[in-house]
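Just so we're clear, the structure is a prediction, and the values are computed from it rather than from any experiment. Convention: sequence-line order gives letters A, B, ...; per-chain numbering from 1. Quick note: numbers below take in every heavy atom, side chains included, and nothing from hydrogens, waters or symmetry partners.
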Amino acid sequence: MGKPKNAISPTREENYPEWYQQVVKAADLAENTPVRGCMVIKPWGYGIWENIRDALDVMFKETGHKNAYFPLFIPKSFLQREADHVDGFAKECAVVTHSRLEADADGILQPAGQLDEPLIVRPTSETIIGELFARWVQSYRDLPLLINQWANVVRWEMRPRLFLRTAEFLWQEGHTVHSTAEEAIEETQKMLRIYADFAENWLAMPVLQGEKTVSERFPGAESTLCIEAMMQDRKALQAGTSHFLGQNFSKACGIKFQGVEGKEELGWTTSWGVSTRLIGGMIMTHSDDDGLIVPPKVAPTHAVILPVTPKEETRGQVLEACNELARELRDKIYSGGSIRVDVDDRDLRGGEKYWQWVKKGIPLTIEVGPRDLEKSSVFVGRRDLGVQRESMHHSEFVEKIVSILEEIQQSLYSRALSFREENTCEINDKKELYSFFTAQNQSKPEIHGGFALVHWDRDPKWEESLKNDLKVSIRCIPEGASEEGICVFSGKPSPSRVVLAKSY
RNA sequence: CGGGACGUAGCGUAGUCUGGUUAGCGCGCCUGCUUUGGGAGCAGGAGGCCGAGAGUUCGAAUCUCUCCGUCCCGACCA
């Protein structure tokens with residue numbers, strides 16, 4: 001036939017970063033805009049984000065959080081209040097200095113009306129939210145204060161990549177105040193568990209839960225918990241973080257309350273967030289050389305019905321049957337709502353239309369033509385199984401579609417989990433560790449490495465040398481790890497293994 | 001922000017080193033015919049100030065400079 005074997009070129013093996021971009025493009029998820037680093041999220045990509053947002057929003061509300069909305073702009077002085085926080089974010093802030101434009105002699109618009117105090121476009125909102133929390137919190141009776149906001153933030157990034165790292169991105173940021181450290185810490189763990197649960201059960205993306213090392217911590221936090229996922233190039237993606245902020249921001253913002261005994265105390269705060277980066281993680285966890293694969297639970301559309309109309313005289317009949325099938329399927333409940341079905345009756349050739357949906361990663365394609373009508377059958381393609389499709393009896397399919405979607409969701413998760421397990425290993429020897437993270441072909445490095453579980457004596461100098469020598473970082477200290485051993489770098493005692501990987 | 005590669009139609013590209021008549025080609029798009037359980041075939045057609053600006057030259061996609069953008073590698077990060 002001379003046709004390309006795969007819809008996406010290059011393949012993952014040939015050039016992983018380029019493959020990623022081609023998948024995003026072929027699925028029509030997002031594209032770059034005239035504003036450097038800022039992407040437009042197109043309907044198919046935004047539909048996925050809406051599903052992510054809606055599912056998480058329910059989980060946040062179930063755990064007692066309320067949504068609110070805070071300003072986009074933060075006075076420069078606010079950011080300055082927490083020393084570590086400034087250090088962490090100063091280098092990537094967009095700054096607003098003027099309030100209007102005036103045409104000059106040549107008719108060129110020039111900024112005018114300089115602001116007394118520059119405004120920072122929020123890179124995160126701890127300081128502005130802290131300012132307001134300080135007003136809201138007076139008594140222990142006001143606590144815990146559990147707030148979340150869905151918003152956009154701006155971090156002026158040097159190397160943007162669609163979904164993974166963009167100058168502007170969408171996220172949610174939870175901010176809470178508690179009367180005790182224990183309760184705040186418990187909150188960070190609770191939210192981490194929600195993130196892990198969401199990543200695994202909705203995005204079918206297995207994650208490790210753990211704590212960041214001191215050097216990888218959020219600026220201004222006492223501790224940072226995270227979920228880490230393995231992409232198909234075996235690199236780690238930080239997919240969500242949950243921070244225990246101690247009393248640092250309470251001190252900086254004046255979040256004080258009177259305790260039961262009448263004594264004034266500082267609040268204990270937390271913050272936690274996930275972003276549109278999750279979509280990048282989803283793409284790199286599941287997609288193949290034919291394009292995107294979207295887990296059913298977050299797919300904007302679960303199934304598309306493709307009418308096959310070879311002859312004009314049967315066209316009306318086929319279309320009617322397709323619409324009827326769509327109605328039947330929409331009556332079925334999957335993942336707490338109706339099954340989302342579209343009939344794609346665009347005037348396009350069948351093969352091409354089919355491939356468009358493959359590249360978009362829709363979980364199910366259902367082709368229905370005149371012959372199917374005669375046999376009461378439908379021709380079903382499961383995206384997770386590749387291009388093979390099978391004929392099923394109409395009523396059997398309607399009966400089974402919910403369990404088929406569940407099976408797809410499950411199989412994507414299992415596949416991703418096996419992949420991670422195959423590429424995770426315990427390493428006890430430094431030489432072996434270095435060879436694990438070194439590509440065979442230096443000029444054009446092949447996909448290599450993975451997650452290495454090694455013993456580390458917690459001395460930051462080894463972390464530093466790992467970064468310098470191998471570009472490998474400590475992704476996290478896994479939760480509950482307690483097996484003691486000997487540090488792979490120093491030979492000194494180590495309290496537990498940590499996860500090493502290259503990362504995004 | 002440093003190092004490298006690149007920018008030609010919606011997408012992918014040839015031509016650039018060695019300046020020279022209307023800048024080719026594939027996919028896609030439009031029209032017609034044919035085909036019809038599969039990313040169709042044939043014929044015709046539309047679509048480009050060759051990333052932007054300046055310069056060298058009789059003449060620039062091609063040479064020089066500046067800028068912008070994209071990708072990779074570093075530093076930084078969700």
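- Across all strands shown, A:Leu237 has no heavy atoms under 4.0 Å from either base or sugar-phosphate atoms.
- Nucleotide B:C29: paired with B:G45 (Watson-Crick or G-U wobble, both distances less than 3.5 Å).
- Straight-line distance between the C1' atoms of B:G19 and B:U64: roughly 13 Å, to the nearest whole Å.
- Nucleic acid contact for A:Lys25: sugar-phosphate only, since backbone atoms but no base atoms lie under 4.0 Å from a heavy atom of the residue.
- Mapping A:Thr33 and A:Gly240 onto RNA chain B by nearest heavy atom places A:Thr33 at the nucleotide closer to the 5' end.
- Cation-pi check for A:Arg81 over A:Phe78 is met; the charged atom lies under 6.0 angstrom from the ring centroid and within 45 degrees of its normal.
- Nucleic acid contact for A:Phe218: none, since no nucleic acid atom lies under 4.0 Å from a heavy atom of the residue.
- Using a 4.0 Å cut-off between charged nitrogen and carboxylate oxygen, A:Lys42 and A:Glu31 count as a salt-bridge pair.
- A:Gly369 comes within 4.0 angstrom of a nucleotide base, judged by non-hydrogen atoms across all strands.
- Comparing the P positions of B:A52 and B:G45 gives an interatomic distance of 29 Å, to the nearest angstrom.
- For B:G39, there is no paired base (Watson-Crick or G-U wobble, both distances below 3.5 Å).
- Between the side-chain ring of A:Tyr354 and the base of B:G39, no stacking contact exists by the 5.5 Å and 30° definition.
- The pairing partner recorded for B:A54 is B:U64, the criterion being a Watson-Crick or G-U wobble arrangement whose two distances lie under 3.5 angstrom.
- Taking the P atoms as reference points, B:A14 lies 15 Å from B:G26, given to the whole Å.
- Looking at heavy-atom distances under 4.0 Å, A:Lys353 makes no contact with the nucleic acid at all.
- Contact annotation for A:Gly351: backbone-only contact, meaning every heavy-atom pair under 4.0 Å involves sugar-phosphate atoms and none involves a base.
- Comparing the P positions of B:C63 and B:U31 gives a spacing of 41 Å, expressed to the nearest Å.
- In terms of position on RNA chain B, the residue among A:Thr166 and A:Glu18 whose nearest nucleotide sits closer to the 5' end is A:Glu18.
- The cationic group of A:Arg389 lies under 6.0 Å from the six-membered ring centre of A:Tyr354 and within 45° of the ring axis, placing it in a cation-pi geometry.
- Across all strands, A:Gln238 comes closer than 4.0 Å only to sugar-phosphate atoms, never to a base (heavy-atom distances).
- When heavy atoms are screened at a 4.0 angstrom cut-off, A:Pro17 is found touching the sugar-phosphate backbone but no base atom.
- Contact annotation for A:Glu367: base contact, defined as any heavy-atom pair under 4.0 Å involving a base atom.
- Distance OH (A:Tyr195) to P (B:A78): 13 Å, rounded to an integer number of Å.
- Residue A:Trp150 places its CH2 atom among more than 12 non-hydrogen atoms of other residues, nucleotides or ligands, all under 6.0 Å distant.
- Of the charged side-chain nitrogens involved, at least one lies within less than 4.0 Å of a carboxylate oxygen, so that A:Glu216 and A:Lys467 count as a salt-bridged pair.
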Q | Criterion side-chain hydrogen bond (donor to acceptor under 3.5 Å, both in side chains) on A:Glu463 and A:Thr213, from CA distance to verdict | A | CA-CA 9 Å; A:Glu463 198 178 3; A:Thr213 63; 2.5 Å; yes
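- Nucleotides B:U34 and B:C25 are separated by 26 Å at their C1' atoms, to the nearest Å.
- In this structure, A:Arg36 reaches the sugar-phosphate backbone alone: every heavy-atom distance under 4.0 Å involves primed, P, OP1 or OP2 atoms, never a base.
- Separation of the P atoms belonging to B:G20 and B:C50 is 16 Å when rounded to the nearest angstrom.
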